[in-house]
Amino acid sequence: MSDKGEPNARRAVVEMLGIEKSFPGVRALNGVRFDLYPGEVHALMGENGAGKSTLMKILTGVYQPDAGEIRVDGAPVALPGPNAAQALGISIIHQELFLMNHLSAAQNIFIGREPRKGFGIFVDEDQMKRDAAAIFQRMKVNIPPAAEVGHMTVARQQLVEIAKALSYNARVLIMDEPTSALNETEVEHLFSVIDDLKAHGVGIVYITHKMDEVKRIADRVTVMRDGQYIDTLPAATTPMATIIQLMVGRELADQHRATGHGTDEEMLRVTGLNRGTMIRDVSFTLRKGEILGFAGLMGAGRTEVARAVFGADPIDSGTIHIHGRERRIATPADAVAEGIAYLSEDRKHFGLVTGMSVRDNITMASWYRFISGRLFMRDTAMDGVAKEYVEKLRVKTPSVSQITRLLSGGNQQKVVIGKWLLRDCDILIFDEPTRGIDVGAKAEIYRLLEELASQGKGIIVISSELPEVLRLSHRIAVMCEGRITGELDGRTATQEEIMTLATQRNAAAA
Amino acid sequence: MSDTTMGKTGTGKSALLSAETMQKAVAFVVLIALIAFFSAFAANFATGANMVGIMQATAVNGVLGVAVTFVIISGGIDLSVGTMMTLTAVMAGIILTNMGMPLPIGIIGAILSGAIMGAISGAIIAKLKIPPFIATLGMMQIARGLALVFSGAKPIYFNDTPNYGLLSPESSISKLIPGVEIPNGVMIMFIVAIIASIVLNRTIIGRMIFALGSNEEAARLSGINVDRWKILTYAICGGICGIAGLIVSSRLNSAQPALGLGYELDAIAAAVIGGTSLAGGRGTVIGTIIGAFIMSVLTNGLRVMGVLEEWKIVVTGVIIIVAVFIDIVLRKRT
Amino acid sequence: MSDTTMGKTGTGKSALLSAETMQKAVAFVVLIALIAFFSAFAANFATGANMVGIMQATAVNGVLGVAVTFVIISGGIDLSVGTMMTLTAVMAGIILTNMGMPLPIGIIGAILSGAIMGAISGAIIAKLKIPPFIATLGMMQIARGLALVFSGAKPIYFNDTPNYGLLSPESSISKLIPGVEIPNGVMIMFIVAIIASIVLNRTIIGRMIFALGSNEEAARLSGINVDRWKILTYAICGGICGIAGLIVSSRLNSAQPALGLGYELDAIAAAVIGGTSLAGGRGTVIGTIIGAFIMSVLTNGLRVMGVLEEWKIVVTGVIIIVAVFIDIVLRKRT
Amino acid sequence: ETYFPIIAKGFSHQFWQAVKAGAEEAAGRNGVTITFEGPNTEAEIDKQTDILNAAIAKNPQGLGFAALDSQAQVPALQKAADAGIPIVAFDSGVDSDLPLTTCTTDNMAAAAAAADGLAKAIGEEGKIAAVIHDQTSATGIGRRDGFLNRIKEAYPKIEVVDVQYANDALKAADNVKAMLQANPDIKGIFASNEGAAVGLAVAIKETGAKIVGVGFDSGKSQKDAINEGTLIGSVTQNPVGIGQCVVDSLAKALKGETLPKVIDTGFYWYDKSNMADPKVAAVLYD
Ligand SMILES: Nc1ncnc2c1ncn2[C@@H]1O[C@H](COP(=O)(O)OP(=O)(O)OP(=O)(O)O)[C@@H](O)[C@H]1O
Ligand SMILES: Nc1ncnc2c1ncn2[C@@H]1O[C@H](COP(=O)(O)OP(=O)(O)OP(=O)(O)O)[C@@H](O)[C@H]1O
Ligand SMILES: [Mg+2]
Ligand SMILES: [Mg+2]
């Protein structure tokens with residue numbers, strides 16, 4: 001079937017043919033095919049909502065296809081549930097984290113497959129912790145197996161998910177945006193694990209929106225668009241531009257660096273902010289028309305700072321000046337009233353009311369504007385405004401009345417962005433704004449942020465992707481272990497400079 | 001692009017509408033089936049007088065169901081609705097009988113005292129972060145105890161307020177449209193339901209309640225003053241309990257201080273049978289009213305059929321489960 | 001690297017342990033404070049006999065609390081524990097008195113019938129996707145009705161089973177250690193608690209229960225047969241209700257078919273006061289036992305102080321809220 | 001076919017089951033059918049009114065009704081009377097002329113008899129207490145006040161130190177134990193219904209307290225406790241007789257016989273000495 005870039009003449013371990021899947025109002029997959037050979041990394045790419053996650057959920061028995069055939073080792077199989085897929089050696093790292101928050105890392109990894117003792121009744125916790133520690137060591141990450149997952153950052157939770165998938169020792173491993181919350185080091189460690197798996201003949205499906213990752217590890221690339229199969233190409237010889245063009249069906253502007261800088265007018269001044277051990281004496285300023293990047297390794301405390309400034313978490317000490325005047329911000333409501341917006345890194349839990357419509361989510365922070373007679377909601381007006389933003393941000397949704405939960409991850413992110421754009425705050429804090437967003441949309445969001453800055457807003461961008469920080473920021477604050485370890489000029493900073501500051505652990509002692 | 005979006009929005013909206021309609025329709029189907037069954041198999045069931053009796057038996061549970069529907073949609077629960085109703089009835093008794101004030105003050109007093117108690121529950125939940133189940137379990141006891149304290153553990157009669165019967169047993173509508181003997185208590189239930197429905201679906205209060213129930217943290221991080229809306233939600237619930245208190249005490253021409261325990265479970269059952277999700281974020285007032293009717297049709301029908309009391313209890317348990325099951329199955333089909 | 005990991009594992013473990021210990025300690029602090037208060041202000045409270053009385057008053061609620069703790073940790077709720085207890089007591093009565101079978105068969109019969117009823121609730125919840133609140137609300141009625149049907153709405157006495165008293169009022173331990181007059185019913189409660197604690201924390205069953213309560217969807221996607229474990233959880237809950245049924249009927253030397261309504265709320269309150277989260281995924285059996293003790297110390301203490309019934313109700317409501325509040329505040333501090 | 005719905009104040013408790021048994025016996029004798037219904041608790045007055053409405057809807061030939069509130073349900077009864085349905089009240093009356101007769105025993109007088117029994121057993125002096133099954137229902141209030149008034153009027157040397165409320169046997173047992181704890185010098189306790197009396201007996205047994213226990217109603221537990229000496233005696237109304245009276249009276253009314261305004265079905269103090277007395281044994285039930 002596929003004569004392009006096929007690794008060798010071995011038999012495909014997985015083949016999917018003519019897969020169809022519809023959800024109410026959405027044709028998610030339309031005659032999609034896909035195959036995977038042992039020992040290859042097959043990247044699956046496409047814009048938000050192209051159907052990547054859905055295709056993989058079908059392969060892992062989470063969804064049932066409406067039509068089509070799945071073959072494993074050449075034989076047609078039925079996958080009525082996750083069990084069936086696991087039994088065939090297919091395992092997945094889900095895009096949305098599916099973890100049990102009250103259980104420890106080790107308990108999550110081995111859930112349902114616990115090592116037993118005492119006639120198979122009792123769980124052998126020690127054995128389990130040892131096994132988990134071994135997997136973490138292989139991934140070169142430092143997560144205590146007994147730590148409760150609910151207390152971890154999204155990044156660490158993602159690492160636990162990866163560890164869990166690895167623990168199955170599967171023949172087929174599907175990774176749905178495994179690195180969306182990871183920093184460069186962790187990504188490198190993951191890649192070496194992937195290389196190792198490849199060497200052992202494991203077939204890997206790799207879904208990502210990060211082009212450099214595809215170049216780095218993929219053997220073949222399959223591109224999907226609007227629920228349809230577009231093409232399968234060898235990763236090494238195909239120019240990225242071609243792939244992007246296939247994905248989006250149009251050309252994209254080149255990447256470039258930030259130019260100019262903000263005005264001298266100070267919008268936000270944070271002084272001596274402290275919160276437990278997570279935020280230590282953090283001070284910074286944000287100027288009008290400026291994009292201030294926050295860089296750092298996982299757990300550096302950037303999210304903590306953002307949440308504290310936004311009033312989402314209580315602080316121990318510190319003052320916040322807005323437009324030169326000291327303000328007490330105790331709740332997010334205070335913050336929004338002061339013109340601060342915060343886009344959370346965890347959209348599922350903190351960003352969206354997933355049970356409500358796209359319209360209600362986009363207008364949520366601005367509902368007060370859509371009230372007539374002090375009580376009644378002007379739904380038609382809200383529809384109009386929401387439609388405007390759906391078009392502006394190219395949200396892929398059948399209508400603004402669609403329940404947000406049914407949107408793909410990236411489109412959900414756009415809805416949250418839309419919410420804050422509509423609220424029209426002066427100070428915008430974007431925490432991982434492009435997490436899970438495809439290249440096309442990413443460029444649009446960058447353009448949008450720049451436009452907002454040029455309109456005179458102050459913008460803080462927290463991002464774990466260094467190219468993104470460098471691409472956007474006029475100034476870059478780097479954090480390590482709850483402190484700001486340095487500030488760099490965005491026009492001249494390099495990745496190396498940032499990494500140096502981000503790992504300056506002993507700055508604490510000084 | 002714009003055109004497609006427009007077109008799709010249209011269908012989306014009507015799809016939503018029909019889903020909502022469907023949800024009510026589901027409970028409605030169960031109700032109609034029950035009525036048809038009893039009409040066929042229980043002699044004397046399908047008489048006008050019995051229908052009025054059923055309506056009257058629905059009024060209190062229906063109003064309490066509406067009260068608790070607000071709270072459940074907001075992601076909470078209120079176990080105190082039954083005893084709160086009693087406490088408000090006692091308050092009305094104190095104001096009208098013991099203090100001899102005019103009727104409107106008694107009405108306002110009952111509703112207001114319910115709203116205040118509800119607001120206290122809400123404040124405990126919002127500010128002290130006590131789970132609603134526990135906060136209102138405590139409030140259920142507090143209201144029950146206070147009702148006994150205030151009334152001196154004796155019924156308070158409304159004999160000095162001759163027009164108190166206007167609130168429930170009398171039928172003002174029958175004076176306008178002779179033959180339509182619907183008691184005022186039932187009319188009040190319908191009016192409460194209509195207003196509640198408008199509040200939930202058309203006003204900012206309702207929108208906030210749905211947002212709280214769907215994802216409170218996301219609402220908070222959108223700059224919404226979550227605590228304030230939560231307190232308001234429980235206050236509304238308490239105020240509606242006050243209306244239930246007026247209906248029940250008007251019907252009995254007395255505030256009975258021990259009544260109300262266990263009513264909370266019936267009210268919650270009515271809401272859930274009517275399609276309100278205990279997880280929050282989903283529900284309709286009309287569904288709750290239908291749910292309350294299902295419960296009282298069932299009780300009445302089994303009684304008219306002469307089913308043994310103990311088997312009646314068993315059957316009621318079974319039907320609660322079956323009704324919700326049918327709701328779930330039919331709703332999934334759409 | 002490996003070293004650090006190991007080191008952190010160590011701290012992780014002790015941190016987890018101390019968090020758990022803390023949770024129990026919190027409820028314990030409230031309990032001690034209550035006991036200290038009543039010892040100081042209620043004459044005759046702090047006597048050995050009264051302590052035994054309190055323990056005995058705790059036994060039934062404690063065991064029911066443990067039963068419902070399983071279900072709550074798994075993310076569900078069981079409103080039927082009280083009437084299920086009654087039904088199992090009636091089953092024991094039928095087996096022992098009406099059918100004249102030997103005691104062990106009566107014991108097995110009670111526990112088994114509870115487990116079967118529980119499994120039915122679980123199956124309704126898991127297979128028909130009925131919310132636990134509704135499924136067990138229905139089951140609460142069904143069990144209550146069946147208890148009346150099976151018993152003919154009359155108490156069944158255990159006069160023909162002379163050693164039936166062994167299950168609760170008698171004190172076997174006092175024969176071993178004279179002076180320790182702890183009744184067997186209380187000892188059974190402690191044994192149930194210990195076994196339940198081991199099951200929850202050390203066995204695969206417990207792990208699955210925590211997993212279900214923490215994130216059922218994640219558990220399902222991990223290939224766990226969620227339905228089966230859920231049914232088992234409710235079956236365990238029902239079986240433990242059977243033990244409560246034995247204790248209560250042994251103490252009263254009769255199965256009282258009308259008893260049990262309202263006991264479910266006390267059991268749930270005991271669990272929550274003891275730190276079990278109604279959202280699922282978090283809870284301890286020891287906490288529940290302490291919670292049950294808090295409730296009976298409170299009731300007993302207020303009674304011994306001679307507080308008026310109506311005020312006792314109010315105070316109980318307040319203390320339920322305060323106890324959970326202290327739990328939340330102290331837990332946050334750690 | 002002649003049909004009488006009998007609406008009681010409850011149905012799951014022993015007392016009401018005994019009334020039901022009497023009513024069924026009389027129904028068989030008179031060749032009529034009956035149903036026997038009641039709300040879950042004696043507080044649910046509105047639910048009882050709903051039951052009454054459903055009963056009226058069935059166009060019965062007669063109606064037996066034990067009103068939970070003597071005033072509140074008169075309008076509902078009026079509906080039955082308007083429909084020409086003969087009404088017989090039982091257990092406690094209603095403030096109205098609607099019922100043709102009332103089959104009742106005076107709760108206050110019966111409780112006074114229990115007070116006499118208790119007073120005599122403790123030598124007419126000392127501290128006593130009471131555990132009442134319901135704080136607000138007519139039966140609970142009647143028995144409590146009947147007991148307390150009698151003590152106050154007739155036995156000046158007896159002091160009532162505590163009155164507690166418990167609606168089932170288990171709670172009554174724990175309640176009595178707490179009461180004994182608070183007042184170790186209590187000489188006697190009165191329990192106002194079967195459940196409370198069972199609880200009282202359990203508590204006396206468990207504490208081994210040397211006190212005089214007096215119960216109310218009947219039932220196997222109580223009879224055994226009296227035989228064993230755990231309780232000294234008890235007062236029983238004649239629930240079986242009440243049930244018979246209701247159905248018999250309705251049957252008579254249909255035949256056009258006139259009925260006295262009140263039919264007192266009586267009550268008996270019983271203890272070890274007279275339990276075997278056929279007159280007493282006849283009104284005791286298991
Ligand atoms: N359960 C569902 N119900 C309804 N629609 C769904 C559901 N799951 C996915 N969809 C829709 O199917 C389409 C494909 O979604 P999918 O999650 O597979 O996209 P994706 O390619 O993974 O996108 P992303 O890169 O944003 O994660 C989207 O339009 C999405 O809204
Ligand atoms: N709920 C929590 N409980 C315990 N520790 C937490 C919690 N949330 C965050 N932390 C810890 O606080 C520190 C700062 O986390 P934060 O999320 O602010 O980092 P970040 O720089 O935003 O990194 P990320 O890229 O993971 O978002 C980390 O050490 C993290 O483990
Ligand atoms: Mg996806
Ligand atoms: Mg972060």
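In the text below, chain A, chain B and the rest are named by the order of the sequence lines, each starting its count at 1. These values consider heavy atoms only, across backbone and side chains, with no hydrogens, waters or symmetry-generated copies.
- The closest side-chain heavy-atom distance from D:Gln164 to C:Leu308 is not below 4.5 Å.
- The part of D:Gln135 that comes within reach of chain C is its side chain, from C-beta onward, which places non-hydrogen atoms under 4.5 angstrom from that chain.
- Nearest approach of D:Gln17 to C:Gly152, heavy atoms of both residues: OE1-O, 4.0 Å.
- Using a 4.5 Å cut-off on side-chain heavy atoms (C-beta onward), C:Glu309 and D:Ile132 make no contact.
- What you find for C:Asn44 and D:Ala182 is that their closest heavy atoms are ND2-O, 3.1 Å.
- Looking at every heavy atom in both residues, D:Gln14 comes nearest to C:Ala153 through OE1-O, 4.0 Å.
- Taking each heavy atom of D:Gly219 and C:Tyr157 in turn, the nearest pair found is C-OH, 4.3 Å.
- Contact check for C:Tyr263 versus D:Asp168: side-chain heavy atoms found under the 4.5 Å cut-off.
- The closest side-chain heavy-atom distance from D:Asp162 to C:Arg303 is not below 4.5 Å.
- Minimum interatomic distance between D:Asp174 and C:Gly53 (heavy atoms only, all atoms of both residues): OD1-O, 4.5 Å.
- Ranked by heavy-atom pairs under 4.5 Å with chain D, the first of C:Pro155, C:Gly262, C:Ala43 is C:Pro155.
- Using a 4.5 Å cut-off between heavy atoms, C:Asn159 touches chain D through its side chain atoms alone.
- With a 4.5 Å cut-off on non-hydrogen atoms, D:Asn175 touches chain C through its backbone and its side chain both.
- Contact count against chain C (heavy-atom pairs under 4.5 Å) is highest for D:Glu206 among D:Met179, D:Lys177, D:Glu206.
- By number of non-hydrogen pairs under 4.5 angstrom with chain C, the leading residue of D:Glu194, D:Lys205, D:Lys171, D:Lys20 is D:Lys171.
- You'll find the side chain of D:Leu170 reaches within 4.5 Å of the side chain of C:Val60, heavy atoms only.
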